[in-house]
There are 2 protein chains.
Amino acid sequence: MAGAHTLRETERHVDERLAGMDIDFQAMAVTSNLFRAASAVRNHLERSVLAAHDLSWSAFVVLWVVWIWENIETREIAAEAGFSKATLTGVLNTLEKRGYSTRKRSKDDGRLVIVSMTAKGRKLMEQLFPLFNQQEQFVASALNSKAQPIVADGLRKITELTEPGQEN
Amino acid sequence: MAGAHTLRETERHVDERLAGMDIDFQAMAVTSNLFRAASAVRNHLERSVLAAHDLSWSAFVVLWVVWIWENIETREIAAEAGFSKATLTGVLNTLEKRGYSTRKRSKDDGRLVIVSMTAKGRKLMEQLFPLFNQQEQFVASALNSKAQPIVADGLRKITELTEPGQEN
DNA sequence: TTTAGATTGTTCGTATCCAAACAATCTAGG
DNA sequence: CCTAGATTGTTTGGATACGAACAATCTAAA
């Protein structure tokens with residue numbers, strides 16, 4: 001975006017439309033900038049790192065979680081990754097088809113499914129994650145070293161406040 | 001998330017897996033918190049404000065842009081809202097079907113389509129936006145007044161840095 | 001032991017989103 | 001005036017995401 005209208009132009013229109021309303025502009029700036037930034041960063045990471053390996057965003061997130069935890073129940077993956085278990089089923093099918101991860105039934109509880117990585121998947125992440133973090137570093141370079149922890153911490157607080165009791 | 005594992009547990013596993021790698025943890029925290037926060041806030045706003053009116057997130061964003069600009073070309077909506085023109089076509093069909101907005105061909109340029117709001121759409125936004133902003137205020141209340149502008153400004157800088165030259 | 005209720009992963013139907021192909025329209029160079 | 005190329009909104013085909021229904025399994029109370 002930043003597209004056809006300048007920031008100043010947009011601001012003028014917004015102020016006009018909201019005149020007389022009791023609006024918290026500071027709060028509005030926080031949330032709208034949040035969504036713009038998240039979308040821009042996600043696109044950037046998809047193009048600069050994931051596209052070359054034909055990985056979707058969710059596929060990468062699942063790979064990451066499984067990589068970190070080695071053996072992990074699917075319900076935990078869904079919780080950590082932040083999407084529904086229905087979605088997870090599809091992503092895991094794809095990853096399994098490509099030979100990055102495997103599923104096995106839990107011996108302790110027949111309802112559960114445990115996911116783990118293949119050697120191929122591990123190799124992929126060992127190659128991919130440094131590139132990913134390099135781009136994360138580029139993203140964070142928009143902030144000076146004093147602002148970085150304030151932003152990171154602020155976002156964590158926002159998450160904690162707005163995240164529901166959580167279920168899938 | 002926040003799900004089955006504590007933050008400390010997760011951190012320990014992450015540190016283990018990344019041991020020996022040259023990773024910028026600060027940058028990692030910024031981006032991962034960014035996505036969690038955006039997702040949590042979007043869900044919160046959808047549930048607390050939009051669900052009652054059966055509005056999707058993108059539908060609301062389009063309504064917002066059209067509301068602010070009164071008469072606006074579709075290509076500008078797509079740019080401001082941050083998604084593809086193909087997606088926009090679908091969203092506009094829905095909004096038009098519900099009587100919130102209308103399309104008309106531009107007289108100056110036969111390729112362009114101008115979108116404007118109906119009285120019904122305007123009434124909806126005048127009722128809906130204060131509720132929306134009220135929840136934005138709740139979201140921003142996670143930050144103290146000193147942190148709020150730092151976070152908002154930091155997010156804007158991140159957007160500017162990572163946003164591509166941009167096309168649809 | 002039996003059984004009603006809870007939990008888990010998958011399937012199914014549906015909504016959302018995008019890139020590529022397309023038709024309509026405009027622009028610029030001859 | 002003509003026309004090749006650019007631009008715009010829509011259509012199409014396919015990927016992604018979710019809620020609800022479902023079957024398998026576990027748990028707890030009788």
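Naming: A, B, ... by sequence-line order, numbering from 1 per chain.
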Taking the nucleotide of DNA chain D with the closest heavy atom to each, which residue, Trp57(A) or Leu88(B), is nearer the 5' end? Leu88(B)
From CG of Asp108(B) over to C1' of dT7(D), roughly how many Å is that when rounded to an integer? 16 Å
Ion pair check, Arg12(B) and Asp15(B), cut-off under 4.0 Å: no
Interatomic distance where CG belongs to Leu50(A) and C1' belongs to dT16(D) [whole Å]: 15 Å
Could you tell me the separation between the CG atom of Leu92(A) and the P atom of dA15(D), rounded to a whole number of Å? 18 Å
By nearest-heavy-atom nucleotide on DNA chain D, the more 5' of Arg111(A) and Thr87(A) is Thr87(A)
Is any side-chain N of the basic residue among Glu70(A) and Arg122(A) closer than 4.0 Å to the acidic one's carboxylate O? yes
Compute the ring centroids of Phe83(B) and Trp57(B), then answer whether they are less than 6.0 Å apart. no
Between dA17(D) (C1') and Glu46(B) (CD): distance, integer Å: 12 Å
Separation of dG9(D) P from Ile77(B) CD1 (nearest whole Å): 9 Å
Among dT11(D), dC18(D), dG9(C), the one nearest Ala86(B) by side-chain distance: dT11(D)
Taking atom C1' of dG19(D) as reference, at what distance in whole Å does atom CZ of Phe83(A) sit? 16 Å
Please work out if Arg105(A) contacts a base, only the sugar-phosphate, or nothing of the nucleic acid, heavy-atom cut-off 4.0 Å. nothing
Testing the 3.5 Å rule here: is there a donor-acceptor pair between the side chains of Asn93(B) and Glu96(B)? no
Quick one: is Ser58(B) getting a side-chain N or O under 4.0 Å of the dC17(C) phosphate, OP1 or OP2? yes
Lys85(A) side-chain proximity, nearest of dT8(C), dC18(C), dT16(D): dT8(C)
Quick one: Asn93(A) CG to dT16(D) P, roughly how many Å, whole number? 12 Å
Among Trp69(B), Tyr100(B), Phe129(B), exactly one meets ring pair (Phe, Tyr, Trp, His ring centres under 6.0 Å) together with Trp64(B). Which residue is that? Phe129(B)
Side chain of Val91(A) only, heavy atoms from C-beta on: which candidate in dA17(D), dT11(D), dC26(D) is closest? dA17(D)
Between CG of Asn43(B) and P of dA17(D) the distance, given in whole Å, is 13 Å
